[in-house]
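Each ligand, and each atom within it, is numbered from 1 in the order the structure gives.
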Amino acid sequence: MHEFQLITQYFTKSSKRKDVELSVGDDCAILVPPKDKILAISCDTLIEGVHFFSDISPQDLGYKSLAISLSDLAAMGAEPAWVMLAVSLPHAKEDWLQAFAQGFFQLADHYDLALVGGDTTQGPLVITSQVFGFLSKDKALKRSSAKVGDLIYVTGTLGDAGLALRLLKEHQSVDPILLQRLNRPEPRIKEGLLLSNFAHAAIDISDGLAADLQHILEQSQVGARIYVEQLPLSNILQKSVAIEVAWELALSAGDDYELCFTIPRSQEHQLVQVMQDIECACTCIGEIEAEPGLKIQRKNGQLIELKSKGYEHFI
Ligand code: ADP
Ligand code: MG
């Protein structure tokens, strides 16, 4: 299949968005952001053998390649608008492309996100998506905005995707619920938008809670204490492994794409209210303190040392 045919057939989709003046097919897309907003932009790459196993379904890959970028918009409190998609493919197989595009557009359509351009090349299987979202000035959930005394919260449950990954690596069978957590993470867009009204700092958990929270601590020049017994763990995770292993996964395995955020103590009541309204489970796991460093503590006061801090490239 010819490159341009492929783009027209699988990656050209009309959108109702009025802010897209020119979409796929020209040298550039032409886009018109709202006058009263600023842009939030992020891109993420998935590489075969590094970020996903070769036997991932093309639907899941299409979905996930967008979900992980959208998760960055969520963590900034931005409203998704547009996306660019760069795909490098070993070959152009039509049924594979069809399935990939289906997974991708399932999520894009859900957020009324317009695919406005990209790049298509032949090479190893590598997918990059770049998303653009709108933010109100001064509402960005920056990593540098945590304040001493803030409460630290996370959405959902942690460690499920990490367990799925560990089982896949060991060639063990994986419960479909866990596999869903790994391959179909739900970007917390609604949550991020609501949080942008009153939260201080936020980050999405892609590399592991400890590693990602550390970014907030460094950029905000503060420290934190978290309480392991308070980490939100799914029933399935608790049933599958010993509690210490569950904690380790929750703290240092990535891929959950939940949000970790800080709020002033005075906003706790409001947080509980708004998260209840959208049926999002949120759990307080600790607090920001002045003394630098991340302390992970048990109820009895004992501090926990992590075996691994989280995923890093180039080590
Ligand atoms: P150029 O040569 O100007 O870089 P391309 O030939 O790479 O343009 O792409 C032609 C058009 O198709 C451009 O508008 C580009 O944004 C779009 N495009 C290419 N690949 C994709 C893709 N995978 N998804 C969406 N749009 C794409
Ligand atoms: Mg090009």
message: Could you tell me if the side chain of L167 sits less than 4.5 Å from the side chain of L163, heavy atoms only?
response: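 Yes. Closest side-chain heavy atoms under 4.5 Å.
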
field: Sub-4.0 Å atoms of ligand 1 with respect to non-hydrogen atoms of D26
entry: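 Contacts of ligand 1 toward D26, numbered from 1: 13 (C), 14 (O).
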
task: Run the numbers for me: atoms of ligand 1, each under 4.0 Å from some heavy atom of T120, listed by number.
output: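 Heavy-atom distances to T120 below 4.0 Å select 19 (C), 20 (N), 21 (C), 22 (C), 23 (N).
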
query: F4 near ligand 1, heavy-atom distance under 4.0 Å?
result: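 So F4 counts as touching ligand 1.
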
query: Touching ligand 1 at all, E3? Heavy atoms, strictly under 4.0 Å?
result: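 It does; at least one heavy atom falls under 4.0 Å.
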
Any N or O of [X] that comes nearer than 3.5 Å to an N or O of ligand 1?
| X | result |
| --- | --- |
| G25 | yes |
| D119 | yes |
| L85 | yes |

Centroid-centroid under 6.0 Å between W82 and F134 rings: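 Between W82 and F134, the centre distance is under 6.0 Å.
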
Side-chain (S88) to main-chain (P124) donor-acceptor, under 3.5 angstrom: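 Side chain of S88 to backbone of P124, a donor-acceptor pair under 3.5 Å: yes, one is there.
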
- prompt: Does S206 offer a backbone N or O that forms a donor-acceptor pair with the side chain of D212 under 3.5 Å?
  reply: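 Looks like yes, one N/O pair under 3.5 Å.
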
K64 and D255 ion-paired at < 4.0 Å: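 Salt bridge flag = yes for D255 with K64.
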
field: Within reach of ligand 1, part of I7 (heavy-atom separation under 4.0 Å)
entry: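 It is the side chain that touches ligand 1; the backbone stays farther off.
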
- prompt: What pairs with E170 under side-chain hydrogen bond (donor to acceptor under 3.5 Å, both in side chains), at least two apart in sequence or on another chain?
  reply: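 By the side-chain hydrogen bond (donor to acceptor under 3.5 Å, both in side chains) rule, E170 matches Q172.
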
What side-chain donor-acceptor pairs closer than 3.5 Å can you find for residues 260-269, not counting sequence neighbours?
unit_1	atom_1	unit_2	atom_2	d
T262	OG1	D150	OD2	2.7
T262	OG1	A201	N	3.4
R265	NE	G149	O	3.3
E268	OE2	Y153	OH	2.6

message: For atom 18 (N) of ligand 1, which of the options G118, S88, C28 provides the nearest non-hydrogen atom?
response: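 It is G118 that holds the nearest heavy atom.
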
